[in-house]
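Shown next, in structure tokens, is the structure this report addresses.
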There are 2 protein chains.
Amino acid sequence: MIVLLLNLARIRSYMETLLKNLKVEINDKIYVKDPESSDLGKRIVKHSIEMIYELGFEQFTFKKLGAAIKSNESSIYRYFENKHKLLLYLTSWYWSWLEYQLVLQTMIITSPQDKLIKGVEILTQEVTQDSSFSHINEVLLNKIVIAEYSKSYLTKEVDKENKDGYFAIYKRLVMRLKDLIVAVNGSYKFPSSLSSMIIDGALHQHFLKEHFSGITDCNKKITPTSYFLDLVEQLIINNGKK
Amino acid sequence: MIVLLLNLARIRSYMETLLKNLKVEINDKIYVKDPESSDLGKRIVKHSIEMIYELGFEQFTFKKLGAAIKSNESSIYRYFENKHKLLLYLTSWYWSWLEYQLVLQTMIITSPQDKLIKGVEILTQEVTQDSSFSHINEVLLNKIVIAEYSKSYLTKEVDKENKDGYFAIYKRLVMRLKDLIVAVNGSYKFPSSLSSMIIDGALHQHFLKEHFSGITDCNKKITPTSYFLDLVEQLIINNGKK
DNA sequence: CCAAATTTAATAGTAATACTATCAAATAAT
DNA sequence: ATTATTTGATAGTATTACTATTAAATTTGG
């Protein structure tokens, strides 16, 4: 009984530590003023998600956003230097949210294999319901990440921005999946590449099934998740068992 | 002897058919005027490759290109509607060139496994030497494809442009690799997804090793090719043997 | 090889984008 | 209630992404 209580206490403390680290905390160099700190900031975030989803990143402008929220273009510049920084903010928020899902939902699983399977599921499935956070629509944000995330790092400024930590959350998430892979099969030679490929590849397969359906096996029935689960099973789990 | 001659004749005719289909022929809706048809057109292509490589696609403009080739901005618009179309042209050229490499270099291989291995090598390795085509630098073009290709399809116009056949060469190349996969292991459930993932994933891994080296196992010694070869060996070749 | 047709260069101009600056009005904090 | 901060409104700049026009240069066909 005492052992049980001690374990519970340990688990609780462990969870608290994790949850603290997992708060959606975005590098404050990404914004000029924290959009979470005001009503206007939250409206900027909320409506920018809707507008980028509808118009695409190229057609989206601060002027249009200003009109949509009945605020002024110049006010938006007080929160974000430019739309690139806003995209970095939104995608960082998304990866942070996904990391939170990953850690929370794998925490209670003890089997490394089941942990890995759950992890792959979380990181490759489509987001279908808008949960918890009031002003942020995760369903749309998932679609934005599929269509726009690569534009945030395929720039000439990537090395500088990487140094400034703008991609830290994304990279940490890749490393978490890598750790799950290594835990099942320590002898696999390319755990980091596999992890980064699963996360990026899932975005790509989701894109393909919507737009280039001829070059993917994924569709409404066969999900990217089932493809990547099969992949991981063959490469990591089955070989890990041997 | 006669049999041998007949075979040679058949092989030659087969090669001719293939080479005809493989001529770098780009959908003529991509350009206003064929850049191959004039000296100015070739200079536009040659220098746009150098400029996009140096400046990145966002900073590259027709005005700057005009200045670089000592020609006029308006003259460039007679060849390409806008820089997006120019990017489509360059990347189509690249995929066509790669397809040519793929078909030519796998043609003489009879073993399906060796064919697949060679195919994966061709489609995942870095381009290191500028061959054959006078005014097009394939080494730079490969780097442009790594850094910019996804921008050509991650747009709101993708479905329309896809219907117009702007991505046909790329998709055909994915299908060719898929065919190589199926030839080795017909029971693998996701040959198209694996093929598209290898081609896109190789670009991604090349990017990561240059800019986010922490989340890939690839580097100067461990190439993306060795990673993808191992993948294909485990998923397709070993299981195909069983 | 000369005239006609085509291509290219030069210039100008437009609408939109991506900002910056200024200042007044509204709101919140002490 | 006063002060500080935030927001809104207006204006302005440099650059981009084009289009239009016309003259000069080049190519081509008879």
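A note on names: the letters A, B, ... follow the listed sequences, proteins ahead of strands, and every chain is numbered from 1.
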Comparing B:K33 with A:F60, nearest DNA chain C nucleotide closer to 5' gives the residue B:K33
Expressed in angstrom and rounded to an integer, what is the separation of A:F62 atom CZ from D:dG8 atom C1'?
-> 17 Å
Less than 4.0 Å between a side-chain N and a carboxylate O, is that true for B:K160 and B:D164?
-> yes
Below 4.0 angstrom, N of the basic side chain to O of the carboxylate: do A:K156 and B:E58 qualify?
-> no
Scan A:Y79 against the nucleic acid and name what it touches under 4.0 Å (heavy atoms): base, sugar-phosphate only, or nothing.
-> sugar-phosphate
Would you mind classifying the nucleic acid contact of B:S74 as base, sugar-phosphate or nothing, using non-hydrogen atoms under 4.0 angstrom?
-> base
Does A:S38 put a side-chain nitrogen or oxygen below 4.0 Å from OP1 or OP2 of D:dT7?
-> yes
Using only side-chain N and O atoms of A:T61, determine if any of them is under 4.0 Å from OP1 or OP2 of C:dT17.
-> no
Using atom CG of A:L65 as one end and atom C1' of D:dT7 as the other, report the distance to the nearest whole Å.
-> 15 Å
Whole angstrom is fine here: how far is it from CG in A:N72 over to P in D:dG12?
-> 16 Å
Just how far, in rounded Å, is C1' of D:dC18 from CG of B:L86?
-> 15 Å
Can you tell me if the side-chain N/O atoms of B:Y77 get under 4.0 Å from OP1 or OP2 in D:dA20?
-> no
Check every atom of D:dA9, D:dA17, D:dT21 against the side chain of B:R78 and return the nucleotide holding the closest atom.
-> D:dT21
5'-most contact on DNA chain C (nearest-nucleotide basis), B:E73 vs B:D39, goes to B:D39
Under 4.0 angstrom between B:S75 side-chain N/O and C:dA9 OP1 or OP2 | yes
Would you mind reading off the distance between B:L40 atom CG and C:dT6 atom P, rounded to a whole angstrom?
-> 18 Å
Figure out the CD/C1' separation between B:Q59 and C:dA18, and round it to whole Å.
-> 12 Å
Gap between atoms CG and C1', on B:N82 and C:dA15 respectively (whole Å) = 16 Å
Face-on cation placement of A:K83 at A:F57 ring, 6.0 Å and 45° thresholds = yes
Any side-chain heavy atom of A:L86 sitting closer than 4.5 Å to one from A:F60?
-> yes
Do A:K209 and A:P224 have side chains that get closer than 4.5 Å, going by heavy atoms?
-> yes
Separation of D:dT6 P from A:R43 CZ (nearest whole Å) | 16 Å
